Amino acid sequence: MKTQILIAALFFGGLITAQQKKDSLKVNAIDAVNLKKQVFKKQGDRLVYDVASSSIAKGTNTFNLLKQTPMISSIDGKTLKILGKNDAVIYINNKKTNMDSEALIEMLKSTPSEDIQKIEVITVPGSEFQVESKEGVINIVMKKSKNNGYNGTLKMQNEQAYYNNPNAGASFNFRQGKWSGNSNFRTGSWTDRQRYTLSNGDPTFRNESFGFNDDPNKNFGGGFNVDYEINKKHSLGFSYNMRYNKSFNSVLDITNWQNGVLNNRTVNNEDAQTRNHSFNLNYEMKTDSLGSKLTSNVSYLWFNRDKVSFNESFPLTNDTINKYSALHQAVPQIINNYAANIDYLKKTAKGATWLMGISYNHTNTDNDTKQDKLIKGEFIIDPNQTNHFIYKENILGIYLNYERKLTEKISGKIGARYEMTRSTGDIVDKTGFERNYNNLLPYLNLNYAINSDHNLSYTFSSRIRRPRFWELNPSRTYFTPTNYTQNNPFILASKYYNQEINYMYKNAFYANLSFNMVEDAAASDLIPLQGTVTAPKKDSEGKIIKDIKGNPIMETTRFLRYIRTNYGKNREIALTLGMNKSWFKDIWTTNYSVNLGYVTYKGGVFEDPTSMPVPGETEVVDPYIIDVKNYNMSATLNNIIRLSSKKDWFLGVNYFFASQTAMEGGMIGARQSFDLSLKKIAGDWTIVAEVSDLFNQSFYSIKGVQPNGKYNNITNFNYPRLMSIGVTYNFGNQKLKKAREMKSANDAVKSRT
């Protein structure tokens, strides 16, 4: 609590000081000069960070620049969050990026910050954006120039975590007359190291597991975009992106205890590889001189992931119950997506803007899971866990927006998106389902510019969150034979209702109050279901053991399944207080934010919807009750200090803190991260040395206790401390205009792979 009070006092102290700085004409004159730069301002439905007017946007990359942008944060170097909680969807020049998440982050890390004009943060996106749940949008606006020529970037980086992880990348851009294009290539290798501590049980029984996971990865990816300006009104473009990742010889080694007695050891060896290819053809026609235009896209996405694993359990005692067991598992997934969309943007002479569009997505997923188990020294197919799941989905979307300035101070935007979803799931020769639903998703934004110092806005949006395709595949991932994750093909789409009030003072201080409601909520993490299976006891050859009367001898086995499923509803109210300001003639730049939240989760899971009846077996699932109310807070303090008058040395000092936070699966422990960076700019060369999470404090630890006394605790220590050094070289004409970024028709599907 002292930490929360101190951070809030520092923030409000800065706000009061800023309000009192009106004592002289000299100070007022200085304020007027700063206002003209408008480094950070509210504009319609978005907050705009004018990178070109900021002193910190020199000699770095786009990812690091985003981390310094107000309302955006990252503590793991792999993901970006808005307001500390909402997932971010990246757009470039108002077009959604056409990459998977890992490739996107590498692209951002290899894009020079000098290419960026401004960054727009849209906390509640309008109907035209293809987002789900409470996702926000980061729109990166590139600088523009009509100069012909070429430029490029070469980047090499070496990271030292538990293992050493090198990577490299290159990008190339050109413009010549009516032709323009860009390409990029990235390659690297890394090995994830994680240490697990798992415990579960009740007052009469406890199960404990300890182990490690080493997951080596090698990948390469890239793509290109070519744009041809047919004439001043018509443009044609084509883009291609690909990514390949190989993770062979991944090993999970876990030792298990029951009631304090050493029980067995489980070793899981896994080989997996992922291939991703996407194509997009774009056509754009300008219809008038005001900026009206017609845009169309046709896209194709092919995604393939092959995973095979071999799971062995070795008894570590001489009892007759626990015997050596093993299973083979193959979990392939193939996704084919075909998509198209047409958008028409109409601007009027009176300043109003209409946007109307239609989109169509057809997706087919094929998941042919096979599992064998060891019986009598041979691997025999397990019919209960072998399945061929085919899922087909068709989504037709129609959307309309209207935006205009109502008065000199008031502007508004209203819109709606209507989506028709038709889907079928078929577990071949077992079961199937058909799921059809329609959703009307309204949107409203009102913005009131009170005066040059004060701005107030209100936004409402409705969205749905469809399950990811891999969440639907009814397969298991094993920790031990009785402890595993279970996907769920019967999970439903969740409905989100998001509201937000935003206030900004002097383009430097802001307050954001949000309220979110979710119906048919699915857990953001996995629900831990405990229970028992009672089945006939079998000998080492798989024969049923009977008593003297010829009746099968029954034995009961406990299980713990981490399952993805709907549970009920949740509510969340959050307040974010932030400040983005430069001090001492831009020598010290600060980006601070504090997030205060209150969440409630209500519902429960009373059965496993994925369980299939097995003759002779009885399964009992312990009800999992969700009744959570929790206050939480987090804070991000980013500082950049210019060390030289030549603006070629910079020191970064960043700190992140998150209090205990309740989720559906339990209470997440407090986390924090202290980061340091040193940057040197030498002409076209930039050298950056960084230490992330210096004290190894940003790992996850979850504790969950049920009203009946059953508990489930997880600690996943992923060795978060990371030291890295990177060298970037920029060559060619740095004022070159980028190729026209193109929106892909299947953007909404990519995030679900």
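Because the structure is a prediction, the values reported are computed rather than measured.
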Quick one: does any side-chain atom of [X] pair with a main-chain N or O of [Y] as donor and acceptor, under 3.5 Å?
| X | Y | answer |
| --- | --- | --- |
| Thr590 | Asn639 | no |
| Asn570 | Glu664 | no |
| Asn638 | Tyr592 | no |
| Ser127 | Ala416 | yes |
| Thr686 | Ala682 | no |
| Asp675 | Asn654 | no |
| Thr661 | Ser659 | yes |
| Asp693 | Arg721 | no |

Would you say that [X] contacts [Y] through its side chain, given a criterion of any heavy-atom pair below 4.5 Å between the two side chains?
| X | Y | result |
| --- | --- | --- |
| Met633 | Val594 | yes |
| Arg404 | Thr353 | no |
| Glu572 | Phe515 | no |
| Met156 | Tyr729 | no |
| Ser701 | Phe717 | no |
| Gln157 | Ile725 | no |
| His454 | Met504 | no |
| Val121 | Ile72 | yes |

Given Ile501 and Leu456, is the side-chain contact (heavy atoms from CB on, under 4.5 Å) satisfied, shown in steps?
CA-CA 7 Å; Ile501 297 175; Leu456 185 67; 4.0 Å; yes
Please give me the minimum heavy-atom distance between [X] and [Y], naming the atom from each residue.
| X | Y | answer |
| --- | --- | --- |
| Glu159 | Leu722 | CB-CD1, 3.6 Å |
| Gly412 | Leu406 | N-CG, 4.5 Å |
| Gly357 | Asp343 | CA-OD1, 3.7 Å |
| Leu154 | Ala170 | CD2-CB, 3.7 Å |
| Leu47 | Lys42 | CD2-CD, 3.4 Å |
| Met667 | Ala662 | SD-N, 3.6 Å |

Report the relative orientation of the aromatic rings in Trp583 and Trp588; use parallel for angles under 30°, tilted for 30 to 60°, perpendicular for over 60°.
tilted
With sequence neighbours excluded, residues passing side chain to side chain contact (heavy atoms under 4.5 Å, CB included) with Ala511
Leu577
Output every pair passing salt bridge (Lys or Arg N to Asp or Glu O under 4.0 Å) with a member in residues 628-640, not counting sequence neighbours, ordered by first then second residue.
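Listed by first then second residue: nothing to list.
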[atom1]/[X] to [atom2]/[Y] distance, rounded to the nearest 0.5 angstrom?
| X | Y | atom1 | atom2 | result |
| --- | --- | --- | --- | --- |
| Asn718 | Asp192 | CG | CG | 8.0 Å |
| Thr459 | Ile122 | OG1 | CD1 | 10.5 Å |
| Glu403 | Leu355 | CD | CG | 9.5 Å |
| Ile138 | Ile119 | CD1 | CD1 | 8.0 Å |
| Ser411 | Asn445 | OG | CG | 7.0 Å |
| Leu596 | Thr576 | CG | OG1 | 7.5 Å |

Under 3.5 Å, is there a donor-acceptor pair between the [X] and [Y] side chains?
| X | Y | value |
| --- | --- | --- |
| Glu120 | Asn139 | yes |
| Asn502 | Ser457 | no |
| Asp684 | Asn730 | no |

Just to verify, what does [X] make a side-chain hydrogen bond (donor to acceptor under 3.5 Å, both in side chains) with, not counting sequence neighbours?
| X | answer |
| --- | --- |
| Asp87 | Lys81 |
| Glu500 | Thr123, Asn512 |
| Asn716 | Gln194 |
| Tyr700 | Arg671 |

State plainly whether the residues [X] and [Y] are in salt-bridge range, i.e. N to O under 4.0 Å.
| X | Y | result |
| --- | --- | --- |
| Arg463 | Glu135 | no |
| Lys118 | Asp50 | no |
| Asp648 | Lys680 | yes |

Do the two ring centres, one from Tyr458 and one from Phe460, sit under 6.0 Å apart?
no
Centroid separation Phe509 to Tyr503 less than 6.0 Å:
no
Go through Phe650 and Ile681 one step at a time and tell me if the side-chain contact (heavy atoms from CB on, under 4.5 Å) criterion holds.
CA-CA 9 Å; Phe650 293 87; Ile681 302 173; 4.1 Å; yes
Stepwise salt bridge (charged side-chain N to carboxylate O under 4.0 Å, His left out) check, Lys413 with Asp45
CA-CA 8 Å; Lys413 181 178 180 180; Asp45 62 347; 3.2 Å; yes
The test is side-chain hydrogen bond (donor to acceptor under 3.5 Å, both in side chains); show your working for Trp190 and Asn167 and say whether it passes.
CA-CA 8 Å; Trp190 76 92; Asn167 62 82; over 6 Å; no
Do Lys646 and Trp649 form a cation-pi contact, if we require the NZ or CZ to be under 6.0 Å from the six-membered ring centre and within 45 degrees of the ring's axis?
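Judged by the rule (NZ or CZ under 6.0 Å from the ring centre, within 45° of its axis), Lys646 is not positioned above Trp649.
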Think Lys134 forms a cation-pi with Tyr496, using NZ or CZ under 6.0 Å from the six-ring centre and within 45 degrees of its axis?
no
Salt bridge (charged side-chain N to carboxylate O under 4.0 Å, His left out) between Arg417 and Glu128: does it pass, once the steps are laid out?
CA-CA 8 Å; Arg417 188 180 187 97; Glu128 72 274 24; over 6 Å; no
List the steps and the verdict of salt bridge (charged side-chain N to carboxylate O under 4.0 Å, His left out) for Lys506 and Asp453.
CA-CA 4 Å; Lys506 274 188 170 295; Asp453 288 343; 3.8 Å; yes
Could you walk me through whether Ser634 and Asn595 satisfy the side-chain hydrogen bond (donor to acceptor under 3.5 Å, both in side chains) test, starting with their C-alpha distance in whole Å, then the side-chain angles of each, then the deciding distance to 0.1 Å, before giving a yes or no?
CA-CA 5 Å; Ser634 64; Asn595 305 295; 3.0 Å; yes
